[in-house]
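Below is one structure, written out as structure tokens; comments come after it.
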Amino acid sequence: MPTVYLNGQILPLEEARIPVMDRGFLFGDGVYEVIPVYSRRPFRLREHLARLQSSLDGIRLGNPHTPEEWEDLIGQIVARAESEDQGVYLQVTRGAGPRDHAFPKVVRPTVFILPLILTPPAPEWVERGVAVITAPDNRWLRCDIKATALLPNVLLRQLSVDAGCTETLLLRDGFLAEGSASNVFVVRDGLLLAPPKSNLMLPGVTYDVVLELARAQGIDHALRPISEAELRSAAEVWITSSTKEVLAVTTLDGQPVADGRPGPLFRRMHAAYQDYKHTVMRGKVRNE
Ligand code: PMP
């Protein structure tokens, strides 16, 4: 039974209770983060906490904790978790109140931290790549906020499950936004491309790591809008997220991406990502 943190208490998950009037439950009025933990070191903690702050700003909810307090609370859950490699899920909601869309007069946020089992991508996914489908992006216009209100993402992700695929890539007005739970990169003419950060996508922590590694590796890259036609005729397509790391997409809507095998730039980036991760785990690079 995992040990969790809830509003000032460390307790077994089965004993954690929230009031049914919590606005997270009633309205999905909250934000969250998922942080991978390797050898009990939270990966890119500073970036995750910075994104949490901007999500909280986006929903006009004060941050209940300083970064130092978050680090301490997360550390307490990580120390009690069963395995060395895991994830941490944290969620802040606008707390309980009358069922009224308007904010309560007095807000007491609910803070919840849960250890997650982190399963690294299966070796055959890395070797063979994954299949994805596309769908029109029907989410709201603040996809940069990591909101717990995930119903559109849930429905979009289920489309790919129903199709036996790993992810749903989202197209808005003829351009690639991101995946239902990942960011997307494309390779064309040897150039690594990704949509620039905007309100139409979540600013992924892994997206930033991949761009940093591209810079370090001297891989030519550019951030610019990617049209649907450019996605469909790409030499390589990748998806990235904290849990998927970097994966090659080899089938898109039932069609092979180029020759249907993970491409050379993917192999380079995947190796660089694994190297970087292991270096961070050994503590040789400042983990920020
Ligand atoms: N976009 C969406 C919609 C996501 O849910 C995620 C996963 N949190 C990502 C992108 C990737 O973000 P990260 O690399 O920080 O996990």
Side-chain angles (χ1 to χ4, degrees), residues 28 30-38 42-56 58-59 70 74 85-92 114 116-121 130 132-161 166-172 175-186 194-214 223 226 231 237-247 249 269-270 272-274 276-277 280 287-288:
V31 297
Y32 75 105
E33 279 296 323
V34 176
I35 308 164
V37 175
Y38 304 117
F43 185 68
R44 296 248 155 173
L45 182 58
R46 204 173 71 182
E47 283 80 356
H48 282 281
L49 292 178
R51 186 172 65 187
L52 174 68
Q53 183 64 58
S54 70
S55 294
L56 287 165
I59 70 162
W70 277 116
I74 291 166
D85 290 359
Q86 36 156 332
V88 168
Y89 174 88
L90 65 87
Q91 164 169 336
V92 185
L114 170 78
L116 292 177
I117 292 168
L118 190 87
T119 1
V130 297
V132 308
I133 57 167
T134 60
D137 194 349
N138 56 10
R139 300 172 303 161
W140 68 335
L141 294 173
R142 290 304 309 274
C143 298
D144 53 324
I145 298 174
K146 201 162 170 58
T148 58
L150 283 172
L151 188 53
N153 302 63
V154 165
L155 294 173
L156 289 163
R157 169 71 183 102
Q158 190 59 34
L159 293 177
S160 55
V161 174
T166 303
E167 179 59 302
T168 308
L169 306 194
L170 306 177
L171 297 163
R172 200 187 290 255
F175 287 89
L176 173 66
E178 60 176 339
S180 73
S182 57
N183 292 110
V184 185
F185 287 80
V186 159
K197 287 180 186 176
S198 76
N199 61 313
L200 302 181
M201 64 174 247
L202 189 80
V205 172
T206 321
Y207 167 103
D208 283 340
V209 174
V210 165
L211 289 173
E212 274 176 43
L213 293 174
L223 300 179
I226 298 164
L231 171 70
V237 178
W238 311 344
I239 51 176
T240 69
S241 81
S242 293
T243 51
K244 294 191 196 74
E245 304 180 344
V246 190
L247 287 175
V249 170
M269 182 55 71
H270 185 263
Y273 192 91
Q274 296 307 312
Y276 177 74
K277 205 175 93 178
V280 166
N287 177 14
E288 44 192 26

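Heads up: numbering here begins at 1 and tracks the sequence. When a ligand or atom number is given, it counts from 1 through the structure's own listing order.
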Please identify which atoms of ligand 1 are closer than 4.0 Å to at least one heavy atom of Arg51.
12 (O), 13 (P), 15 (O)

Near Ser242 (heavy-atom distance under 4.0 Å), the atoms of ligand 1 are 13 (P), 14 (O), 15 (O), 16 (O)

among protein heavy atoms, the one nearest atom 7 (C) of ligand 1 is Ala181 O, 3.4 Å

Closer than 3.5 angstrom, by distance alone: can the side chain of Asn153 be matched with the main-chain N or O of Ser180 as a donor-acceptor pair?
yes

Glu178 neighbourhood, listing ligand 1 atoms whose heavy-atom distance to it stays under 4.0 Å
1 (N), 2 (C), 3 (C), 10 (C)

With a 6.0 Å cut-off (strictly less than), is the heavy-atom count around CG of Leu159, excluding the residue itself, greater than 12?
yes

Return the minimal non-hydrogen interatomic distance between His48 and Ser242, and the atom names on each side.
CE1-OG, 3.7 Å

Looking only at distances, please establish whether an N/O atom of ligand 1 is found under 3.5 Å from an N/O atom of Pro203.
no

If you measure from CG on Leu171 to CG on Leu176, what distance do you get to the nearest 0.5 Å?
6.5 Å

Nearest-contact summary for atom 14 (O) of ligand 1 - protein heavy atom, Å:
Thr206 OG1, 2.6 Å

Under 4.0 Å from any heavy atom of Gly204, which atoms of ligand 1 are there?
12 (O), 13 (P), 14 (O), 15 (O)

Would you check if the side chain of Thr168 reaches a backbone N or O of Leu156 as a donor-acceptor pair within less than 3.5 Å?
yes

At less than 4.0 angstrom from any non-hydrogen atom of Lys146, what atoms of ligand 1 do you find?
5 (O), 7 (C), 8 (N)

In this structure, does ligand 1 have an atom that sits under 4.0 Å from one of the heavy atoms of Asn183?
yes

How far apart are the closest heavy atoms of Val205 and Arg44, and which atoms are they?
CG1-CB, 3.7 Å

Does the plane of the ring in Tyr276 sit parallel, tilted or perpendicular to the ring in Phe43? Use 30° and 60° as the thresholds.
perpendicular

For ligand 1, indicate whether the residue Cys143 contacts it via side chain, backbone, both or neither (heavy-atom separation under 4.0 Å).
neither

